Amino acid sequence: ENMALLLVKFDLAKRVKLAQGLWLLYWLSVMGGILIFSMGLFFKIELRKRSEMMDNNESHFVPNLLILVGLAACGINAFGGKVCHDSLDTAKFARWKPMVKNYLYGCFAFCMILFVVALLCFLVQVSLHFALAEGLKNGMKYYRDTDTPGRCFMKRTLDMTQIEFRCCGNNNFRDWFEIQWISNRYLDFSNDEVKDRVTSNVDGKFLMDSVPFSCCNPGSPRPCIQHHLTNNSAHYDYDHHTEELNIWTRGCREALVSYYGGMMNSIGALVLLVMVLEVRKYANYEWKPAADMVGLKYLTTSLETLTNPENPESESEAWLLEKSVKETMSGIMEKIKTFGKGNQVDGEGGEAAAS
C-alpha cells in the first residue's frame with residue numbers, strides 16, 4: 001500500500017497545465033522581486049536625503065536587506081521558472097532533476113527570510129521614531145550654524161523638509177521658541193532689544209517667539225506672521241489663542257514618521273505578498289489546492305514516476321511526501337541524531353589523536 005501523502009494521479013494534460021501555471025507564477029514572483037529591489041533602493045535614497053536628521057547610522061540596514069532579498073527573489077524564482085519550462089522535455093529536465101530537492105529546501109528557507117524581512121519593515125518604524133526625535137532636535141540646534149563645516153547644509157535640509165512635509169519644529173512650532181535659530185553674525189548687539197533678550201537668558205541665547213520662514217503656510221490668506229507669534233499687540237487684528245495660525249502646526253517628527261511608516265508598511269505588505277506567491281495556492285480543477293513549492297514537488301515526482309518513461313503521454317503518480325508525516329518526521333530526527341553522533345565521534349577522535 002502506498003503511504004505517500006496527498007497522492008495525485010497525473011496524465012500529460014495535467015502535467016502540462018501544472019507546468020505552465022507554475023511557470024507563470026514563478027515569473028510573477030520575479031516581478032515581485034524587482035519591486036522589492038526597487039522599493040529598497042527608493043527607501044535607501046529617501047533616508048540618505050535626510051541622513052543629517054537621523055540620529056543613528058544603522059537605519060540603512062533594512063533598505064540594504066530589501067535590496068539583497070529583491071535580487072535573491074529574482075534569481076530563485078527565475079531558476080524555478082526555468083525548471084518548469086524544461087520539465088516537459090525529458091532530456092532537458094534530467095540536468096535539473098538532482099538540484100530540485102535542494103532547491104525546494106532553499107525555497108522554504110527563503111520564505112522564512114521573507115517573513116523576517118517583512119517583520120523588520122513593520123518594526124523599524126519604532127527605531128525610526130526615536131532616531132528622528134533625537135536627530136530633529138539636534139538639527140534644530142545646528143540650524144544657525146551655516147558657517148560651521150559639516151553643519152552648513154542643515155538649515156537648507158530643515159527648511160526643505162518643513163516646506164515639503166508641511167510641518168514645523170520637532171513636536172510642534174513652539175520648539176523653535178526654545179532655541180536660538182538665528183546666528184550671532186546676523187544680530188545687531190548694539191540694539192537694546194537684542195541686548196535685553198541675550199542678557200535676560202541664563203545661557204546668553206537670543207530666544208524669541210518666532211519660527212523660520214519655511215514654517216509659513218502659503219495657503220493662508222494673511223501675510224505670514226512668523227515673528228512675535230504670541231504677542232497679540234505686535235499685529236493688527238490678531239489673537240493667537242483664537243485665530244488659526246498661518247504657519248504649519250504639525251510637528252516634523254510626526255510628519256516624517258507618517259511618511260516613512262507608510263512607505264515601510266507598503267514595502268512590508270509587498271514582501272508578504274511575494275512570500276505568499278512563494279507558498280501560494282495553485283488550484284487545479286481536478287485536484288486539491290497546493291502551494292507553489294508543493295506544485296513543483298508534484299511536477300517533479302509526476303515526471304519521476306512515469307509508467308513508461310519513453311512515452312511522455314503515459315500516466316504517473318505524484319505526492320507531497322513519499323511517506324506519511326509521522327514517518328517523514330521520524331526519518332528527519334534519525335538523520336539529525338546520526339549527524340550529532342558523527343560529530344561527537346569526530347571530536348573524540350581528534351582529542352585522542354591530540355593526546
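Here the structure is a predicted model, which is why all the values come from computation and not from measurement. Quick note: residue numbers are just sequence positions, from 1.
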> Do other residues, nucleotides or ligands put more than 12 heavy atoms under 6.0 Å from the NZ atom of Lys137?
Replying inline: no
> If Ile, Leu, Val, Met, Phe, Trp and Tyr residues are connected whenever their side-chain heavy atoms lie under 4.5 Å apart, and connections chain through other members, are Met160 and Val257 in the same group?
Replying inline: no
> Tyr143 and Asp159: side-chain donor and acceptor closer than 3.5 Å?
Replying inline: yes
> Taking the side chain from Gln180 and the backbone from Phe206, do they hold a donor-acceptor pair closer than 3.5 Å?
Replying inline: yes
> Between Leu68 and Val62, is there a shared hydrophobic cluster once you connect ILVMFWY residues whose side-chain heavy atoms come closer than 4.5 Å?
Replying inline: no
>> Please tell me whether Phe61 and Phe122 are part of a single hydrophobic cluster in this structure, the criterion being side-chain heavy atoms less than 4.5 Å apart.
In response: yes
>> I need the minimum non-hydrogen distance between Leu66 and Gly40, along with the two atoms involved.
In response: CB-CA, 3.8 Å
>> Let's go through Tyr142 and Thr148 carefully: what are the C-alpha distance in whole Å and the side-chain angles of both, what is the deciding distance for side chain to side chain contact (heavy atoms under 4.5 Å, CB included) to 0.1 Å, and is it a yes or a no?
In response: CA-CA 9 Å; Tyr142 306 143; Thr148 307; over 6 Å; no
> With the threshold set at 4.0 Å, does a side-chain nitrogen-carboxylate oxygen contact exist between Arg50 and Glu46?
Replying inline: yes
>> Rounded at 0.5 Å granularity, tell me how far CD1 in Ile34 sits from OG in Ser29.
In response: 11.0 Å
>> Less than 4.0 angstrom from a charged side-chain N to a carboxylate O is my criterion; do Arg156 and Glu52 meet it?
In response: no
>> If hydrophobic clusters are built by linking Ile, Leu, Val, Met, Phe, Trp and Tyr wherever their side-chain heavy atoms come under 4.5 Å apart, do Val271 and Phe115 end up in the same one?
In response: yes
> Are Ile267 and Met39 side-chain neighbours, meaning at least one heavy-atom pair lies under 4.5 Å?
Replying inline: yes
>> For a side chain to side chain contact (heavy atoms under 4.5 Å, CB included) check, start with the C-alpha distance between Ile76 and Cys107, then their side-chain angles and the critical distance, and finish with the verdict.
In response: CA-CA 8 Å; Ile76 289 169; Cys107 284; 4.1 Å; yes
> When rounded to the nearest 0.5 angstrom, what distance separates OG in Ser210 from CH2 in Trp176?
Replying inline: 12.0 Å
> Between Phe213 and Ile247, is any pair of side-chain heavy atoms under 4.5 Å apart?
Replying inline: no
> Are the side chains of Trp27 and Asn77 in touch, meaning some heavy atoms are under 4.5 Å apart?
Replying inline: no
> Hey, are Asn217 and Arg166 close enough side-chain-wise for a donor-acceptor pair under 3.5 Å?
Replying inline: no
> Counting distance only, does the side-chain N/O of Arg197 pair as donor-acceptor with the main-chain N or O of Leu207 below 3.5 Å?
Replying inline: yes
> Within the side chain of His129, is there an N or O that forms a donor-acceptor pair under 3.5 Å with the backbone of Glu254?
Replying inline: no
> Nearest 0.5 Å, what's the NZ-CE distance between Lys155 and Met140?
Replying inline: 13.5 Å
> What's the shortest heavy-atom distance between Arg253 and Ala133, and which atoms?
Replying inline: NH1-CB, 3.0 Å
>> For a quick test of reading the model, state the closest non-hydrogen atom pair linking Ser214 to Gln162 and the distance between them.
In response: OG-NE2, 2.7 Å
> What distance do Cys152 atom SG and Asp145 atom CG have between them, rounded to the nearest 0.5 Å?
Replying inline: 10.0 Å
> Where is the tightest heavy-atom contact between Ser190 and Lys195, given as atom of each residue plus distance?
Replying inline: O-CE, 4.0 Å
> Going through the checks in order, is the side chain to side chain contact (heavy atoms under 4.5 Å, CB included) test met by Leu229 and Phe177?
Replying inline: CA-CA 10 Å; Leu229 282 165; Phe177 299 176; 3.9 Å; yes
> If every non-hydrogen atom of Asn172 is compared with every non-hydrogen atom of Thr249, which pair is closest and at what distance?
Replying inline: CB-O, 3.9 Å
> Taking the side chain as C-beta and beyond, is there a heavy-atom pair between Leu158 and Leu136 under 4.5 Å?
Replying inline: yes
>> I'd like to know if the side chain of Gln226 pairs up with that of Asn246 as donor and acceptor (distance under 3.5 Å, no hydrogens or angles considered).
In response: no
> Would you call the rings of His227 and Trp181 parallel, tilted or perpendicular, where under 30° means parallel and over 60° means perpendicular?
Replying inline: parallel
>> Please evaluate residues Leu47 and Leu128 with respect to the criterion side chain to side chain contact (heavy atoms under 4.5 Å, CB included), reporting the C-alpha separation (whole Å), side-chain torsions for both, the decisive distance (0.1 Å), and the verdict.
In response: CA-CA 10 Å; Leu47 285 177; Leu128 203 60; 4.2 Å; yes
> For the Cys pair Cys167 and Cys252, is the SG-SG distance shorter than 2.5 Å?
Replying inline: yes
> Considering only heavy atoms from C-beta outward, does the side chain of Asn64 approach that of Lys44 to under 4.5 Å?
Replying inline: yes
>> Do Ile179 and Tyr186 sit in one hydrophobic cluster, given that two such residues count as connected whenever their side-chain heavy atoms are within less than 4.5 Å of each other, even indirectly?
In response: yes
> Can you name the nearest heavy-atom pair linking Gly268 to Cys121, along with the distance?
Replying inline: CA-CB, 3.8 Å
>> What's the separation between atom NZ in Lys82 and atom OH in Tyr26, rounded to the nearest 0.5 Å?
In response: 15.0 Å
> Do Trp248 and Val211 have side chains that get closer than 4.5 Å, going by heavy atoms?
Replying inline: no
>> For the CD1 atom of Ile36 and the CG atom of Leu65, what is their distance to the nearest 0.5 Å?
In response: 10.5 Å
> Is any side-chain heavy atom of Phe189 less than 4.5 Å from a side-chain heavy atom of Asn184?
Replying inline: yes
